[in-house]
Each structure stands twice: as C-alpha cells, then as structure tokens.
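Small disclaimer: the values here were computed from a predicted structure and weren't measured. First the proteins, then the strands, lettered A, B, ... as listed; each starts at 1.
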2 protein chains.
Amino acid sequence: MAATPRGAGGRSSAQRAATPLTERRADARRNIMAILDAAQSCLARDTDASVADIAKAAGVGRVTLYGHFSTRADLVDAVLTRTVEQADVALDATDTTGDPRQALTRLVGASWQIVHQFRSVLQAAQRELPAERIRAVHDRILRRVQTIVDRGRRVGVFRDDLPERWLVTTVFSLMHAAAEDTAAGRLDAEDAARIISATLLAALAPPVADVPTATP
Amino acid sequence: MAATPRGAGGRSSAQRAATPLTERRADARRNIMAILDAAQSCLARDTDASVADIAKAAGVGRVTLYGHFSTRADLVDAVLTRTVEQADVALDATDTTGDPRQALTRLVGASWQIVHQFRSVLQAAQRELPAERIRAVHDRILRRVQTIVDRGRRVGVFRDDLPERWLVTTVFSLMHAAAEDTAAGRLDAEDAARIISATLLAALAPPVADVPTATP
DNA sequence: ATCAACCTGAACATGCGTGTTCGAGTTGCA
DNA sequence: TGCAACTCGAACACGCATGTTCAGGTTGAT
C-alpha cells in the first residue's frame, strides 16, 4: 500500500508544515507547480472551475491533486496566496520611496496587471474562503499601501481627516472595481492604471480649504 | 388536480407578466410577500441560505415557494430587485437638486442604510445572477448617480478629465467597500456615510492646477 | 538494484440542494 | 354554496462535485 502520499498527518496545503516542498521528490514538486499553474489559469477563466477540470488542465490525475491539496478550499487558498505573492514580487521591484503620490502611482501601475488578470481568482476565493483569511493573505501588500499612505500623511500630501484604514480600503476597492469594469468592457485596460491613480490621488489629497458657495 | 398554481405558461417570477400579482388571490399575495421578506432577511444573514431555509422562515411550504418562484435564481432576482426598489423609493424622497456636491452627499446618506443592511443580498445575487443582470437591476439608481455627476461636470464642480462611467463606478464601489469594512468591524456604521461622502467629493472634484514637486 | 515515494484511472460513497410529483386538505371569492 | 385557486408535507428523482479507496504501475533517490 502506498496510496495517497500525505507527508504524515496529512494536514493540508503542500507548502506549509509537514514535508517542506523543498525536500520532496522532484516529480512531486513538478506536479504541484503544474497544478498551481493550471488552477490559476482555470480559475482566472472560470470562477468555479471544478477540481476535475483543474486536474485535467494540469495533466494530472484527480487523485494526485487531492494528494497535495486535501480540499478544494485548500487549493484555492494556495492559488490565491501564490498569486498575491507574485504581485508582491512585482512590488519588490518597485520604488516606493520619494514623493508618496508618485510612489502610490507606481504601486498602482505595478499591481494593476495582476489585479486585472487574476480578478477571478479573487472571486473564487471570496466564495470559498472566509473574509478574514483573504485579508490575511493580502497582509503584506496591505502593509505596503499603508506604509505609503502613512508617510504621505506625515508629509502632508495625503489627507489626515479620515481613518487610515479606510484610505487603504479605498485603494483596494478602486483597483478591483476597475478590474470589474474592464472585464465588463466598460473600461479600457490600457487606461485603467492612469485613471485609478488619478482618482486615488484626488481621493487621498488633503481637503482644500473649501471655498463655500457664497460668503467671501 | 390543482397542484402548483402557475398562472398559465408558468414562466417565472411572480410579479412579471402572467398573473399580475394584483389580481391574485389574497392569500397568495400574502405568501409572496412573506417569502420575499424572509428571503431578504435570510440572505442578509447568510449569503447562501437554502430555499428550504427561506421557505421555513416564511412559514410556507417549499412547494408553495416553488409555485411562485420557479427557481432559486428567480427568487434571488426578485429579492434583489425588491431591495433595490426600496432604495429607489428612499431616493425618491431625496432632494437631488441644487449643488451637485450636496446632492451627492444626500444621495449617499439616503442609500447607505440599505446598502449596508443588505450587502449580503448583493453578494448572493453576484453568485447566482449574471453581472449584466445585476447591472440592469440597478439601472434606475445608476441613472440617478449619473445625472448628478453629469450636472456636476457641466457646472464645473466635478471633474471632466475621466470617463463619466468610471466616476459612477467609483461611487458604487466605495459604498459597497464601506459596507464590507463595516461588516468586518473595520469601520463604524455611524461614520460611514460621512466618510464615503468626504472621499467621493474629493475623488470627483476637478483636479487642481497641481503644484509640482519643484519648478516654481 | 532496491524501496519508498509517487502517480494512475476507475469505481464508490455521499452529501446536498434543487426541482418535481402526488394525493389530500384549505380558503378566498362570486 | 361551490369551485377554482391555493397550500401542504412527504417522497422522489437527480445531478453533480467533492472526497476516498483500491490495486496496480512508475520513477526518483541512495
């Protein structure tokens, strides 16, 4: 008997705990990657692709897949994590110093491609995973945004009259909304980054000493 | 034989075509309302409440429910439509004339309660209904926003450098994002309307003649 | 060369929600 | 009063994706 190759307790994922992926057999590692690749592109196309679909696309037996990801949610989680990590890598190569406004613009530009391309992965995750988990996966990225926003506030180029958290939410919200609009054909993917940035910079700017309707 | 009381062809909904609801028997009308009420609150609590749950909550047999809504999607559609209509009624009582900025603020204030309370209904709909349908249901509300934005642009208090559609999307996006944040405990429902408005007014304001980093 | 780790297809177990049918009550309405 | 409209629970038909097990067959590491 050999059956399913669960490291030991057969906890979950593949890259957490148990057998650390790096010390697995070469073919296993290859398959895991193939599955992740397939899952990412399948989910990007169809939010609720079945496990069978994904296995087939990965050129792997369904059983093999379950050997690595004990549950569908497990798989989705892994794919989301991976996708976010990819975005995070892209951001590592992005200069987030200097004028916070320009830093934010660069950050948007660097993430937009991935947000746009894999918005369906996010949707799939939203159906499968608890909201807190999704938030947790985004943690590092969230922090990046927060750092920029925070610096901007201290420097005085970003508003200080609204909760910082909300400003971060605003950034995320608009990026994903743009992805939706693009998918629906209401927005051109080319212009998106520019438009998002323009909107965000305005939204985050300190409120001007308003010139009321009258009373000069 | 009497079985299921389908008006004639048994098309769908209950309030469209066929027997116009007004000329149905009193108990039927009552039940339909009860079902709609139950569905609205059930879905508000649990995004994927089963048809059985809803029927029970409505104090009605499952069969009866299917007699009125031939499919789950049908029911969800009806609930969404109804919820949006409720919001629309609230907006009918709202003054959307005068300064577009104030009009927008009032519009946000009037809709926030419903958006906040029934955000799960929207989520349920997003899983069950095609995106275009959801968009269509919101048509009248969308138009209201658009009207205000449009007027604001002509008057010069809203920006003209971004697609009008996008500005409308921005309004929606931020309202729903705030609803999410509130549900997650990251935002106080009391402050929400104020915060949303503040953010939107800034986002929609015409870009100021920017004072670049240097070069005075 | 050897053995464990790994892969495989097929079949099975199953749970769950949906939608339908049946046969027999109620109840609104004219 | 009487009939059609309406309701009821229970049972069934079903599809469908998930997860498991079986009984071999490969392949990678040492």
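- With the nearest nucleotide of DNA chain C identified for both D27(A) and V51(B), D27(A) has the one nearer the 5' end.
- Atom-to-atom, CG of L65(B) to P of dG17(C) comes out at 15 Å; the value is rounded to the nearest Å.
- Side-chain atoms of R25(B) and base atoms of dT27(C) include a donor and an acceptor less than 3.5 Å apart.
- If you take CG of D74(B) and P of dG17(C), they are 20 Å apart, rounded to a whole angstrom.
- The side chain of S50(B) approaches dT18(C) more closely than any other nucleotide in the set dA29(D), dT18(C), dT18(D).
- Counting to the nearest Å, the C1' atom of dT20(D) and the OH atom of Y66(A) are 10 Å from each other.
- Contact check on R143(B) versus D139(B) returns a salt bridge, with a Lys/Arg side-chain nitrogen under 4.0 Å from an Asp/Glu carboxylate oxygen.
- A donor-acceptor contact under 3.5 Å links the side chain of R62(B) to the base of dG19(C).
- Taking atom NZ of K56(B) as the reference point, atom P of dG17(C) lies 11 Å away to the nearest angstrom.
- In this structure, N31(A) does not reach the dC6(C) phosphate: none of its side-chain N or O atoms is under 4.0 Å from OP1 or OP2.
- OP1 or OP2 of dG19(C) lies within a sub-4.0 Å distance of a side-chain N or O belonging to T71(B).
- Rounded to an integer number of Å, the gap from CE of M33(B) to C1' of dC6(D) is 17 Å.
- In this structure, the nucleotide among dT21(D), dA29(D), dG19(C) sitting nearest to the side chain of V63(A) is dT21(D).
- Look at CG on D48(A): it is 17 Å from P on dG17(C), rounded to the nearest Å.
- The side chain of H68(A) lies closest to dC7(C), out of dC6(D), dC7(C), dT8(C).
- With hydrogens and angles disregarded, no donor-acceptor distance shorter than 3.5 Å links the side chain of D191(A) to the backbone of D188(A).
- Computed from coordinates, the R72(A) CZ to dC16(D) P distance equals 16 Å when rounded to whole Å.
- Phosphate contact (OP1/OP2 of dT7(D), side-chain N/O of R30(B), threshold under 4.0 Å): absent.
- The shortest distance between side-chain heavy atoms of I54(A) and F69(A) does not fall below 4.5 Å.
- The pair R127(A)-D48(A) meets the salt-bridge criterion, since a charged nitrogen lies less than 4.0 angstrom from a carboxylate oxygen.
- To the nearest angstrom, P of dA4(C) lies 18 Å from CZ of R24(A).
- Along DNA chain D, the nucleotide nearest to R29(A) and the one nearest to A28(B) differ in position, and the one closer to the 5' end is contacted by A28(B).
- Salt-bridge check for R144(B) with D92(B): passed, with a basic side-chain N closer than 4.0 Å to an acidic carboxylate O.
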